[in-house]
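For reference, the structure discussed in these notes is given below.
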Number of protein chains: 2
Amino acid sequence: MKKVTMMDVAKEANVSKSTVSQYINKRYDYMSVETKKRIKEAIEKLGYQPNYIAKSLKQKKTSTIGVIVANILHSFSTQVIRAVEDYCHEHDFHVIVCNADDDPEKEKKYVEMLQAKQVDGLIVFPTGGNVELFQQMVEQNFPLVFVDRRIEGLDVPSILLDNKKAITLAVEHLLERNYKRIGIITPSLIRKITPRIERIQGYKDALEKHGLELNEQYIKSVDVPLMKDTVKEMLELPEPPDALLAGNDLALMEVLKLVKEEGLEVPSKLAIVGVDDVSFASLFNPSLTTIAQPAFEMGTDAAERLLNRIKGSPVEHSCVTYYEPVLRKRQSS
Amino acid sequence: MKKVTMMDVAKEANVSKSTVSQYINKRYDYMSVETKKRIKEAIEKLGYQPNYIAKSLKQKKTSTIGVIVANILHSFSTQVIRAVEDYCHEHDFHVIVCNADDDPEKEKKYVEMLQAKQVDGLIVFPTGGNVELFQQMVEQNFPLVFVDRRIEGLDVPSILLDNKKAITLAVEHLLERNYKRIGIITPSLIRKITPRIERIQGYKDALEKHGLELNEQYIKSVDVPLMKDTVKEMLELPEPPDALLAGNDLALMEVLKLVKEEGLEVPSKLAIVGVDDVSFASLFNPSLTTIAQPAFEMGTDAAERLLNRIKGSPVEHSCVTYYEPVLRKRQSS
DNA sequence: CTGAAAGCGCTTACAG
DNA sequence: CTGAAAGCGCTTACAG
């Protein structure tokens, strides 16, 4: 079963390859009706399908972009990916998704693989390593958009949640409801990941703004396997928090596991607010108050910017867009 | 910033392109140490990265496979995708994921796009349309693996859950706990989608096996937007079911929404068992009894078969593999 | 209105 | 041990 090529079509239709190529690319400017018809028939008869690889090689573009997420386990990542794919498919671009698994080494490997495959651009949720690598890409003018996190000093368009505002919203909501001792749990800060840092900072700012004292024992940043124990310790303090902010969806899951294990009453014993609107938030008993990210718009925006850039729009300098978080009040607080 | 090509490296190292190519592909058989060293240095100096597109064109293979899922919203799909990606990345293959959104037209478009991009093979969760298209691909010997669903009469290796067994497990578990009137809700059967058909059939067989009468009012197959109302009607029957099987994760979500809205006690008023192990199953109040699919193994198996086939293994004829479902007993039943 | 020719960046027999 | 040449399947100025 040999592949049929443009050459075969040309022979069948008694024209040259060039003419077939014009036809395929709808450059009908000067093509006779007769020729068009013959080519059309030849294509149908042979079941010809153009080879994009050959086209890509010649045109030096692949109509493919890569997406590298730091960690695919976050619902936010999968939502953004879906939005990016929808937008790209509408614009006849392909998407290759890679999961760096929070590992800068993997991230680097994927960047290189994707560049070798000649992707036209990259959307990345940067792990925080690989600063020089991205720096080089910027210098080479490679189309790049960051989502969720930015890297200090890198001139890359970045699409972020307004994290401080998100936490402020949550804190003020809890204060309104008369919770006084608000704790927060996020994943580890060691890799200086933007949202985590900004969320903790937002927490501190919000408490200060309302004249509340900071209690370092209420502020914990540890990775998922340690979260349950850490929260448990927090709840065993002489004066335990009466409300808890979960810094992202995975943190929220850990908190809920603990709540279940310990049989804690929510919100009477402990109020809960999570960042990221998990799929089951409204189904849960009690339903869960969350701070939602407009993930779909953020993903669409990322894709749109990247494709515009690829299609020749000028580079956007030091452009960081913050998206508005949305407080969804439910029963858990 | 011109791209550096193999030619540039060759000039820099004072050798021919052929020799650089040999070096890149580790065909060191007869290469002098000296030459190797010069090439290595030239590559580093110039920051050369091979162009896979050119390589693919010449070699007529892309080391890329496509995955087309019928509907990405199912947790099962995303789990399988992850497994496929992990396996492929380990074996230096790329993956392009497409979501057919339960639309055979979209599915067809993606198959054609992916073939135009010269993917080496395809894993698909078939929508049920496009039988001739897949038939042609089989005839052309195109590497293809189906997951979750098979298509009657098509000789394509297929990886499925043992759906009948899954439902039998659920029914028997409910009978053991003395539930007598067991209902089942699945998405619409109009497109003859394997798991739905098999799950309904499994339900009927299991009841029959235990000498229970079938009540058609307890068996409903409608699409997601209608599910809540349909279940509500079922619960308003003079003799409503005392237990309900949710045919997949999306059905389960709808059932839980209704339970919440109506304030139904689970399991005392209504016991629930869901097929697909949702992320929050063990966190929920009450925690949810589910029939889990071994999604990760299934995905890995699909990828492994496809890559073996691509690498030249003989075609596996009429090979359908059924995976064992796992009953996870929790509090909802 | 259509065709011949060059070239995209590689690989691969083959010659030496 | 290494190089010259052909070719993968397209596109694109350019000539006529």
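A note on names: the letters A, B, ... follow the listed sequences, proteins ahead of strands, and every chain is numbered from 1. The figures that follow rest on heavy atoms only: side chains count, while hydrogens, waters and symmetry mates do not. Here the structure is a predicted model, which is why all the values come from computation and not from measurement.
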Q: Can you sort out the partners of Glu90(A) under salt bridge (Lys or Arg N to Asp or Glu O under 4.0 Å), two or more places apart, ordered by chain and number?
A: none
**Q.** salt bridge (Lys or Arg N to Asp or Glu O under 4.0 Å) partners of Lys117(B), counting only residues at least two apart
**A.** none
Q: Check whether any side-chain nitrogen or oxygen of Lys60(A) sits under 4.0 Å from OP1 or OP2 of dT11(D), and answer yes or no.
A: no
Q.
Donor-acceptor check, side chain of Asn71(B) to backbone of Asp102(B), threshold 3.5 angstrom: yes or no?
A. no
Q: Could you tell me the separation between the NZ atom of Lys61(A) and the C1' atom of dG9(C), rounded to a whole number of Å?
A: 18 Å
(Q) Whether the side chain of Arg149(B) engages the backbone of Gly128(B) through a donor-acceptor N/O pair (distance < 3.5 Å, no angle test) should be reported. (A) no
Q) Which residue, Leu57(B) or Val15(B), contacts DNA chain D at a nucleotide closer to its 5' end, judged by nearest heavy atom? A) Val15(B)
Q. In whole angstroms, how far is the C1' atom of dC8(D) from the CG atom of Asp8(A)?
A. 13 Å
Q: Without swapping roles, check the side chain of Thr62(A) against the backbone of Gln118(A) for a donor-acceptor pair under 3.5 Å.
A: yes
Can you give me every donor-acceptor pair (side chain of residues 31-40 of chain B, partner residue at least two apart or in another chain, under 3.5 Å) with its distance?
unit_1   : atom_1 : unit_2   : atom_2 : d
Ser32(B) : OG     : Thr35(B) : N      : 3.1
Ser32(B) : OG     : Thr35(B) : OG1    : 2.6
Glu34(B) : OE2    : Arg38(B) : NH1    : 3.4
Arg38(B) : NE     : Ala13(B) : O      : 2.8
Arg38(B) : NH2    : Ala13(B) : O      : 3.2

Q: Using the criterion of both pairing distances under 3.5 Å for Watson-Crick and G-U wobble pairs, give all stems of 3 or more consecutive pairs involving DNA chain C.
A: C:1-3 with D:14-16, C:5-12 with D:5-12, C:14-16 with D:1-3
Q | For atom CE of Met7(A) and atom C1' of dA4(C), their distance in whole Å | A | 11 Å
Q | Euclidean distance, atom CZ of residue Arg38(A) to atom P of dT2(C) [Å, nearest integer] | A | 8 Å
(Q) Angle between ring planes, Phe134(A) versus Phe146(A), binned at 30° and 60°: parallel, tilted or perpendicular? (A) perpendicular
Q: For a side chain to side chain contact (heavy atoms under 4.5 Å, CB included) with Val84(B), tell me which candidate from Ile65(B), Asp301(B), Leu306(B), Thr300(B) qualifies.
A: Ile65(B)
Q) Using 4.0 Å as the upper bound for N to carboxylate O, is an ion pair formed by Lys61(B) and Asp120(B)? A) no
Q: Name the orientation class of the two ring planes belonging to His89(A) and His94(A) (parallel below 30°, tilted from 30 to 60°, perpendicular beyond 60°).
A: perpendicular
Q) What integer distance in Å separates Ile24(A):CD1 from dC10(D):P? A) 8 Å
**Q.** Side-chain N,O (Thr19(B)) to OP1/OP2 (dC1(D)) below 4.0 Å
**A.** no
Tabulated below should be each protein N or O lying under 3.5 Å from an N or O of nucleotides 12-16 of chain D; please produce it.
unit_1  : atom_1 : unit_2   : atom_2 : d
dT12(D) : OP1    : Gln59(A) : OE1    : 3.3
dT12(D) : O4     : Ser18(A) : OG     : 3.4

Q: Specify the separation, in whole Å, of atom CG of Asn14(B) and atom P of dC1(D).
A: 19 Å
**Q.** Flag, side chain of Asp101(B) to backbone of Asp103(B), donor-acceptor distance under 3.5 Å
**A.** no
Q: Whole angstrom is fine here: how far is it from NZ in Lys26(B) over to C1' in dT11(C)?
A: 16 Å
Q) Under 6.0 Å from the OH atom of Tyr23(A), do we count more than 12 heavy atoms belonging to anything else shown? A) yes
Q) Is there a side-chain polar atom (N or O) of Ser16(B) under 4.0 Å from OP1 or OP2 of dA4(D)? A) no
Q. To the nearest Å, how far apart are Lys3(A) NZ and dG9(D) C1'?
A. 11 Å
Q. Does any residue of residues 44-56 of chain A have a heavy atom under 4.0 Å from DNA chain C, and if so, which ones, in number order?
A. none
Q. Quick one: which of dT2(D), dC1(C), dC8(C) gets closest to the side chain of Ser32(A)?
A. dC1(C)
